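Labels below follow one simple rule: chain letters A, B, ... track the order of the sequence lines, proteins then strands, and each chain is numbered from 1. Values in this document were obtained by computation on a predicted structure and should not be read as measured data.
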Number of protein chains: 2
Amino acid sequence: MTASSCYTLIQTTQRASGLAKAKRPLKWQRDPEGMRLRILEAAKQEFSAHGLAGARVDRIAAKAGANKRMLYYHVGNKDELYLAVLEGAYDKIRSEERGLDLEHLDPPEAIRRLIEFTWNYFLRNPEFLSLLQTENLARAKHLKKSTKVKSMHSPFVEMIRTVVRRGVDSGDFQVAVDPVQLYISIAALSFFYLSNSATLSVIFGRDLLDKKAKDERLAHMVGLVLAALTGQSMALFEIAKPAQSRASVVQTA
Amino acid sequence: MTASSCYTLIQTTQRASGLAKAKRPLKWQRDPEGMRLRILEAAKQEFSAHGLAGARVDRIAAKAGANKRMLYYHVGNKDELYLAVLEGAYDKIRSEERGLDLEHLDPPEAIRRLIEFTWNYFLRNPEFLSLLQTENLARAKHLKKSTKVKSMHSPFVEMIRTVVRRGVDSGDFQVAVDPVQLYISIAALSFFYLSNSATLSVIFGRDLLDKKAKDERLAHMVGLVLAALTGQSMALFEIAKPAQSRASVVQTA
DNA sequence: ACAGTATTTATCCAACGGGTTAATTTCTCG
DNA sequence: CGAGAAATTAACCCGTTGGATAAATACTGT
């Protein structure tokens, strides 16, 4: 498996200059950037699947189709590798957030979009949730050392502050809620549901990750937050959920 | 330290029969129940501080003032120890929940009390949060094996269902929200804030665990949920937060 | 083409860590 | 009081794991 993925590498990364002049079949090929990327990707999977202490350096190497030595050569030791993965994860979500462009929507729609984005991002990137959990179990010990992440200081909060202010001015929102509180609440509603779905599913005896459950959750979250902000009924916002299903929820055991 | 706690044990757990007839100073004393309790307590600390993989059996033994062999003698191997701790944690919160007695409060007050209880329980028992995080990182692998926890099937959900129904009947609440969704949301708002406070504090550059921040968070959560349920303004419910502080929040950078 | 450097492979190892075995000490009950 | 059971200590075992060292191979500029 490891060997085969290594050969795959040789095929996929061969340069344009690689005509048919390959006399002796090379044992391996240089590709520092690609190697680094594959290492970080493999490390992301390993760390999110097993946590920091549970992650195995050898497994990361194997998954990356690399020799273990490569990790130390290209990134550093286990902790440095972990921090690099963490920084990459933050970098990714921040950059996607930047594209959200809430300024041009009317306030309630902006909040709805923010909730939906957060929910979908967490759904699409479960490793991100795991990495955050892992880092919080370590009380952010590594993140505190990071110079990069501190400078990322979310301009996102400013986006939300603006939306809230606009909402208050237009009369859509009833309170000038603290944007950080709001952001944390929105993240919390999605994050907890997804990151704790395993134990919650056991406890409540229902699969929280099937299609229907996920649809209902999104509708619930949007309804909860928008109802609180606008003072209107939750039911008004749950357009994603058909009336039939809404009734059945009340009866669910 | 380890040795001293061991001697402490001998002093504190000596039976009533222990007159002053101790001729030869005993090297140690039998105390199976006490030993088991100390092991589980030490294990709880260790697992919550370091996760499953990061926990060290030797450290648990040391913290319990015991010989490593005792863990295996009284509980079992590392995994069994972990499961025992987890079951104990669920047992504890469930039993406290049972005393909440929401039935005799009017619906909005019942919800407020539920939120406050959850928040305070999480604050008082940070190990519980860590254990749940750890178990979810393991995708509830251990919890699924537990026969005990499955039978605990929360009668709590029924309590909430009743409160919601009463609230709808009385006109206090506008929607018959799914009690499981509501419970998850209430837990989420507290859980995420506290379990992720380490990384969030770094990112937002403010200490989320100081007194003022905690007070504001509780007020925010109560306001959010009750406003959504009743359709009234969030501001009405934030009685814990003085007006001055509320204004300053809006300005906070 | 070739010398020097960058990248990768192949081994090795010392510490660690979960778990076990065997000996010791304390308690209980006839 | 003394023998057998229960509880505890002490010492050891051995696979694992993060990390290091050294040798081999591929590329680059001249």
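Between C:dG18, C:dC27, D:dG18, one nucleotide has an atom nearer to the side chain of B:Val57 than all others, and that is C:dG18. For B:Arg30, the listed nucleotide lying nearest its side chain is C:dC27; candidates were C:dC27, D:dG19, C:dG19. Listed nucleotides D:dG18, C:dT9, D:dA10 differ in distance to A:Asp58; the shortest reach to its side chain belongs to D:dG18. Side-chain atoms of A:Tyr72 lie closest to D:dG19 of the nucleotides C:dG19, D:dG19, D:dC27.
Put simply, B:Arg69 has no side-chain N or O that comes within less than 4.0 Å of OP1 or OP2 on C:dT21. Between B:Arg56 and C:dG17, a side-chain N or O to OP1/OP2 separation shorter than 4.0 Å is present. Within the structure, a side-chain polar atom (N or O) of B:His74 is placed less than 4.0 Å from OP1 or OP2 of D:dT8.
Donor-acceptor pairing under 3.5 Å is recorded for the side chains of B:Ser185 and A:Arg217.
Closest heavy-atom contact between B:Met159 and B:Leu100: CE-CB, 4.1 Å.
Rounded to a whole Å, the NZ atom of A:Lys68 is 13 Å from the P atom of D:dT16. If you take OH of A:Tyr82 and C1' of D:dG18, they are 18 Å apart, rounded to a whole angstrom. Atom NE2 in A:His50 sits about 15 Å away from atom P in D:dT16, given to the nearest Å. Rounded to whole angstrom, the span from the CG atom of B:Asn67 across to the C1' atom of D:dT8 amounts to 7 Å. Rounded to whole Å, the distance from CG on A:Asp79 to C1' on D:dT17 is 14 Å. Atom C1' of nucleotide C:dT28 and atom CD of B:Gln29 are separated by 15 Å, given to the nearest angstrom. Between the CG atom of B:Leu37 and the P atom of D:dA7 there is a distance of 14 Å, rounded to whole Å. Here the C1' atom of nucleotide D:dG19 and the CE atom of A:Met70 are 14 Å apart, to the nearest Å.
For A:Ala53 and B:Tyr73, each mapped to the nucleotide of DNA chain D holding its nearest heavy atom, the one lying further toward the 5' end belongs to B:Tyr73.
Evaluation of atom-type donor-acceptor distances gives no pair under 3.5 Å for the side chain of A:Lys78 against the base of D:dG19. Not a single donor-acceptor contact under 3.5 angstrom links the side-chain atoms of B:Asp31 to the base of D:dA7.
Under a 3.5 Å cut-off, the side chain of B:Ser201 and the backbone N or O of B:Ala198 do not form any donor-acceptor pair.
For A:Arg59, the CZ atom is densely surrounded, since the number of other residues' heavy atoms within 6.0 Å is greater than 12.
Aromatic rings from A:Phe192 and B:Phe192 are positioned such that their centres are separated by 6.0 Å or more.
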